[in-house]
Amino acid sequence: MTPTDTAGTAGAAAVAVAFTAHFGHAPDGLWQAPGRVNLIGEHTDYNEGLVLPFAIDRTTTVAVAARSDRRVLLASAFGAAAPVEFDLDTFNPETFEPGPAGAWAAYPAGVAWELERAGVSVPGFELFVSSDVPVGAGLSSSAALECAVASALAALAGADLAATDLADIGRRAENNVVGAPTGIMDQYASMLGAEDCAVYLDCRDGSFARVPLGLEEAGLVCLVIDTKVSHAHASGGYAARRASCARGAELMGVAALRDLGAADLPRAESILDGETFRRVRHIVHENERVARTAGLLESRGAAAIGALLDASHRSMRDDFEISCPELDLAVDTARAAGAIGARMTGGGFGGSAIALVPGPDIGRVEEAVQQAFAGHGFRAPDIFAVRAAAGARRL
Ligand code: ADP
Ligand code: MG
């Protein structure tokens, strides 16, 4: 048994116990889905472009039991003591208001609703959630939750849906019920991840390939630096960037920014305002970097991708303007202390950075980042290693 299996089993037992404590009987089964790190390809997903995320060894587990009626009872180690309750027959995303302590319930409720809209007849159910994916850290605890719930409910309903269909259900729940206008990257990574592989995904047609990461062979560890600066996808900067990209595509006469290449940038510069141009330039170059990263992983291995990660960070900092002082400090300090490449990951405005660090330098990088944050009066970051791990599964 691998260390992950042991941890999974112990964690699973605890979730089953918590389920039983809440609902007074054992669950029918347990389903687990991982968070993700995006290695490279930021804000390219909703521009119908390329991304290269990997599922991580931080997971969300749901214990679930079917009911004979259409009631749904949702509880989380995370939320209030009393479960959130509703009826599948009367559920309406417009009027669903579980209150601040139950706001998280929109994710599982949304998944049930979207499954039903897709023609799957979901039974009533009881569900308990437990997770070690940090919330709001840019590691997609939201997709982990959606994908674990989608996998569980499809199984309860006896529906034979492909992993990519379940990913789409999760994304629609987040877009239509939670109200966060995210792309498909997070759910695809969580559903399709594999040990030591990144998921090279074309967000236009949903085609994907698993690309071996080979971090261990390269003597590298992927460190996550969670700045503890919280981001908010549903509002503000994220929506503004989406609007800029849509405007850029419209003015350039293309369906999506994915359709532009470096050769189009001079024309873009001549017809777009300065800010929109810089947003467009980030997307064009970022798509190229994703393709080059996937190619380099295959031809030369992970040790060759550092400069692309660095360039991606600079582009997000200067052109797309989604970084923040904490992320920049994490990236710059990690690089100076020995990382071969580093960048912010996720939607931006906070969350986490990743750094590829040679094994012997891990301690030095952690210490340097902690000291730099303390020196700047920033909140102490959480720093931990992640592995590329399997996607959603039944335990
Ligand atoms: P991220 O996906 O980067 O972690 P999001 O804001 O997209 O951040 O999603 C976080 C939200 O997902 C939480 O605020 C909560 O509503 C929900 N969530 C995540 N994990 C859990 C959990 N274990 N239990 C209940 N809700 C969760
Ligand atoms: Mg999220």
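Both ligands and their constituent atoms are indexed starting at 1 by order of listing.
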Side chains of residues 90-100: which donor-acceptor partners sit under 3.5 Å, not counting sequence neighbours?
| residue | atom | partner | partner atom | Å |
| --- | --- | --- | --- | --- |
| Thr90 | OG1 | Asp87 | O | 3.4 |
| Asn92 | OD1 | Glu94 | N | 2.8 |
| Thr95 | OG1 | Asn92 | O | 3.4 |

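- Remark: the Thr59 side chain and the Gln32 side chain contain an N/O donor-acceptor pair separated by less than 3.5 Å.
- At most 12 non-hydrogen atoms from other residues, nucleotides or ligands lie less than 6.0 angstrom from CG of Asp160.
- For ligand 1, the atoms sitting less than 4.0 Å from at least one non-hydrogen atom of Val135 are 4 (O), 10 (C), 13 (C), 14 (O), 19 (C), 20 (N), numbered in the order shown with element in parentheses.
- The shortest separation from a heavy atom of Leu145 to ligand 1 is under 4.0 Å, placing the residue in contact.
- Taking backbone and side-chain atoms together, Thr182 has no N/O/S atom less than 2.8 Å away from the Mg ion (ligand 2).
- Atom CZ of Arg394 sits in a crowded spot, with more than 12 heavy atoms from other residues, nucleotides or ligands closer than 6.0 Å.
- Every atom of ligand 1 with a heavy atom of Ser131 under 4.0 Å away is listed here by number and element: 23 (N).
- Near Tyr107, with a cut-off below 4.0 Å to any heavy atom, the atoms of ligand 1 are 9 (O), 11 (C), 12 (O), 16 (O), 17 (C).
- Residue contact check: Ser76 has heavy atoms under 4.0 Å from atoms 22 (C), 24 (N), 25 (C) of ligand 1.
- The aromatic rings of Phe320 and His282 sit tilted, their planes meeting at an angle between 30° and 60°.
- If you number the atoms of ligand 1 from 1 as listed, the ones under 4.0 Å from a heavy atom of Gly138 come out as 3 (O).
- Checking Ala77, Ser142, Ala103 against atom 9 (O) of ligand 1, the nearest heavy atom belongs to Ser142.
- Judged by the 6.0 Å and 45° rule, Arg58 forms a cation-pi pair with Phe384.
- Other residues, nucleotides and ligands contribute more than 12 heavy atoms inside 6.0 Å of the CD atom of Glu85.
- On a distance-only criterion, Thr60 and ligand 1 share no N/O pair closer than 3.5 Å.
- Not a single N or O atom of Ala143, backbone or side chain, sits closer than 3.5 Å to an N or O atom of ligand 1.
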